[in-house]
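Worksheet: one structure, shown below.
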There are 2 protein chains.
Amino acid sequence: MSQVLFNSIQQKVQLSEIEMEQCRGFFLAKKLPKKHYLLRAGEVCAYIAFVEQGLLRSYTIDAKGNEHVLQFAPEGWWISDNYSFLTGEPSSYFIDALERAELLLLKCRAMEEMLQKVPKMERFFRLLMQNNLIAQQRRTLGTLSFSAEERYIRLLNQYPEIVQRAPQHLIASYLGITPETLSRIRKKIASRA
Amino acid sequence: MSQVLFNSIQQKVQLSEIEMEQCRGFFLAKKLPKKHYLLRAGEVCAYIAFVEQGLLRSYTIDAKGNEHVLQFAPEGWWISDNYSFLTGEPSSYFIDALERAELLLLKCRAMEEMLQKVPKMERFFRLLMQNNLIAQQRRTLGTLSFSAEERYIRLLNQYPEIVQRAPQHLIASYLGITPETLSRIRKKIASRA
DNA sequence: GCTTTCCGTTGACATAAGTCAAGAAAGAAA
DNA sequence: TTTCTTTCTTGACTTATGTCAACGGAAAGC
């Protein structure tokens with residue numbers, strides 16, 4: 001059993017050795033080279049992906065052709081398009097690798113079987129979704145309450161490794177600002193320090 | 001068993017008559033008059049609330065003293081501060097009634113007991129959280145992709161009853177704009193129609 | 001029914017952030 | 001190395017939205 005996955009699960013529910021091994025069997029290991037896609041808009045999202053190694057991100061392209069980063073997923077995080085995964089409808093998101101990644105994929109069918117066999121995992125996913133929701137609500141409120149500069153500083157404090165590993169224009173996209181604005185903010189901060 | 005709650009649950013998982021009645025026993029009925037609070041910042045959020053009747057909202061007050069509406073919850077919706085509920089930490093949200101409301105409250109302890117007794121409810125809450133997360137992600141992307149006017153029109157299309165029932169300055173707060181800007185947007189739209 | 005408070009509207013002006021364009025720097029490819 | 005992209009920076013200008021202040025009308029309380 002992957003140590004990273006083990007930690008992610010054990011942090012929320014207590015599984016026995018046996019249950020852990022049972023779970024492991026439902027995942028599919030996959031390596032994803034840099035810039036390769038796990039999901040493209042228009043496709044159905046067949047997997048929930050757990051990141052063992054590397055860095056992924058999900059994003060949309062809006063009607064004006066602008067990209068908007070929804071999520072970064074470094075080691076230990078889960079990523080997918082929940083809507084498409086749940087409903088089987090085509091996705092409107094892209095998911096690709098910013099760094100070469102090692103993933104554990106969980107197909108819809110496999111997930112249902114896993115939940116049957118190891119009911120505690122239902123609780124695990126409930127808690128996972130609940131925590132994701134909490135974080136997402138904070139992001140929404142952050143976008144409404146703070147200026148671009150404040151949001152950047154908060155991101156830097158909360159997820160320094162992501163700011164460091166992802167290219168700057170993607171950080172800008174995540175924050176909902178243009179690369180130019182982020183560049184100016186960084187300059188301003190640097191001149192203060 | 002309340003018909004509204006029954007529908008909310010049955011839409012996601014199939015419960016037998018008996019399971020439904022068992023669940024019912026864990027909820028606490030409560031009437032909340034208009035402008036009364038279910039939760040104030042600083043308190044621990046003891047309940048997840050299901051709205052049978054009426055209209056609630058949750059909001060924060062930021063460092064500059066500005067209110068930001070996180071959620072409106074009309075009949076059939078669930079509302080709480082997940083973070084505080086889950087961790088027992090003090091909340092930073094307020095939840096109050098915009099219209100006189102009838103609620104079904106689920107305390108933390110009662111919820112755990114319910115999940116023990118009716119394991120399918122674990123699945124229900126997983127799906128509920130997952131759907132909330134999907135909606136919240138869309139809101140985040142909406143805030144990043146659309147102008148104030150576009151966001152207002154989208155809200156109007158998606159939740160016309162909320163726009164109608166909540167005062168305009170709270171709609172503005174939800175959209176992340178000032179009441180003045182919303183007033184101007186509405187004028188502009190009216191002049192076009 | 002009168003008074004007070006709250007809410008929405010409007011105008012004038014301020015400002016954060018976006019746009020467009022050019023060039024510099026840094027990485028990737030050859 | 002040299003070339004070719006991609007990413008980041010900087011400047012000049014535009015624009016959406018915020019701020020402040022005044023006013024009118026509707027609702028709430030007495």
Side-chain angles (χ1 to χ4, degrees), chain A residues 33-36 55 57 59 61-69 72 96-100 141-156 162-193, chain B residues 33-36 55 57 59 61-69 72 96-100 141-156 162-193:
Chain A
K34 187 171 173 172
K35 293 195 179 182
H36 282 228
L55 179 61
R57 64 142 182 183
Y59 67 99
I61 299 183
D62 71 19
K64 295 149 210 150
N66 298 315
E67 265 185 47
H68 300 279
V69 173
F72 294 107
D96 65 356
L98 301 181
E99 298 171 6
R100 177 187 172 289
L141 285 176
T143 307
L144 303 183
S145 320
F146 298 106
S147 70
E149 180 176 339
E150 288 169 321
R151 273 178 280 148
Y152 175 66
I153 292 172
R154 286 164 62 89
L155 182 66
L156 205 54
I162 289 181
V163 176
Q164 212 165 39
R165 288 163 67 178
Q168 202 171 303
H169 69 281
L170 297 186
I171 299 294
S173 165
Y174 179 88
L175 291 172
I177 60 181
T178 59
E180 292 94 329
T181 297
L182 181 53
S183 176
R184 290 182 181 116
I185 286 170
R186 283 165 52 85
K187 189 181 176 186
K188 190 174 155 198
I189 292 173
S191 78
R192 275 206 298 256
Chain B
K34 186 170 175 175
K35 295 195 178 180
H36 282 226
L55 179 62
R57 64 141 181 182
Y59 68 98
I61 299 182
D62 71 18
K64 296 150 209 149
N66 299 315
E67 266 185 45
H68 300 281
V69 173
F72 294 107
D96 64 356
L98 300 181
E99 298 171 5
R100 178 186 171 287
L141 285 176
T143 307
L144 302 182
S145 319
F146 299 106
S147 69
E149 181 176 339
E150 288 168 323
R151 274 178 278 145
Y152 175 66
I153 291 172
R154 286 164 61 90
L155 182 66
L156 206 54
I162 289 180
V163 177
Q164 212 167 38
R165 286 164 69 178
Q168 203 171 304
H169 70 280
L170 296 185
I171 300 294
S173 164
Y174 178 88
L175 291 171
I177 60 180
T178 58
E180 292 94 330
T181 297
L182 181 53
S183 175
R184 288 179 182 118
I185 286 171
R186 283 167 51 86
K187 189 181 175 187
K188 190 173 155 197
I189 292 172
S191 77
R192 276 206 300 255

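The figures here come from the full heavy-atom set of this structure, side chains too, leaving out hydrogens, waters and symmetry mates. So that the names make sense, note that chain A is the first sequence line, chain B the second, and so on, each numbered from 1.
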Exercise for the section: Would you indicate whether the side-chain heavy atoms of B/Tyr152 and B/Ile177 approach each other to under 4.5 Å? Expected result: no
What I want to check is whether an N or O donor and acceptor connect the side chain of A/Arg184 with the base of D/dG11 at under 3.5 Å. yes
When rounded to whole Å, the NZ to P distance for the pair B/Lys188 and C/dG8 reads 20 Å
From the candidates C/dG11, D/dA28, C/dA17, the one with an atom nearest any side-chain atom of A/Ser147 is C/dA17
Rounded to whole Å, CD1 of A/Ile171 lies from P of D/dT9 at a distance of 13 Å
A/Lys64 NZ to C/dG18 C1', in whole Å, measures 12 Å
When rounded to whole Å, the CD to P distance for the pair B/Glu149 and D/dT17 reads 8 Å
Q) Does the side-chain contact (heavy atoms from CB on, under 4.5 Å) test come out yes or no for B/Phe72 and B/Leu170, once each step is laid out? A) CA-CA 10 Å; B/Phe72 294 107; B/Leu170 296 185; 4.1 Å; yes
Taken to the nearest whole Å, CG/A/Leu182 to C1'/C/dA16 is 15 Å
Picking from C/dT10, D/dT17, D/dA28, the nucleotide nearest the side-chain atoms of B/Arg151 would be D/dT17
Separation of D/dG18 atom C1' from A/Phe146 atom CZ, nearest Å, is 18 Å
> Between A/His169 and D/dT6, is there a side-chain N or O to OP1/OP2 distance below 4.0 Å?
Replying inline: no
The nucleotide from D/dG11, D/dA28, C/dT9 with an atom nearest the side chain of B/Ser183 is C/dT9
Which of D/dC8, C/dG8, C/dA17 is nearest the side chain of B/Gln168? It is C/dG8
Students often get this wrong, so: under 4.0 angstrom with heavy atoms, is B/Ile177 touching a base, only sugar-phosphate, or nothing? sugar-phosphate
Distance check: side-chain N/O of B/Lys187 vs OP1/OP2 of C/dT9, anything under 4.0 Å? no
From the candidates C/dA28, C/dG18, D/dT7, the one with an atom nearest any side-chain atom of A/Thr178 is C/dG18
Requested in this report: Take B/Gln168 and B/Leu182, measure what side-chain contact (heavy atoms from CB on, under 4.5 Å) needs, and give me the verdict at the end.
Outcome: CA-CA 8 Å; B/Gln168 203 171 304; B/Leu182 181 53; 3.6 Å; yes
Among C/dT10, D/dA28, D/dG11, the one nearest any side-chain atom of B/Glu180 is C/dT10
note: B/Leu175, atom CG; D/dG18, atom P; distance rounded to Å ~ 10 Å
Contacts of A/Thr181 and B/Leu170 projected onto DNA chain C by closest heavy atom; the upstream (5') one is B/Leu170
Exercise for review: Might you confirm whether atom CZ of A/Arg154 has over 12 heavy atoms from other residues, nucleotides or ligands at distances under 6.0 Å?
Suggested key: no
Taken to the nearest whole Å, CG/A/Leu144 to P/C/dA16 is 18 Å
Determine, step by step, whether A/Asp96 and A/Lys35 satisfy the side-chain contact (heavy atoms from CB on, under 4.5 Å) criterion, reporting the C-alpha distance in whole Å, the side-chain angles of both residues, the deciding distance to 0.1 Å, and the verdict.
CA-CA 6 Å; A/Asp96 65 356; A/Lys35 293 195 179 182; 6.0 Å; no
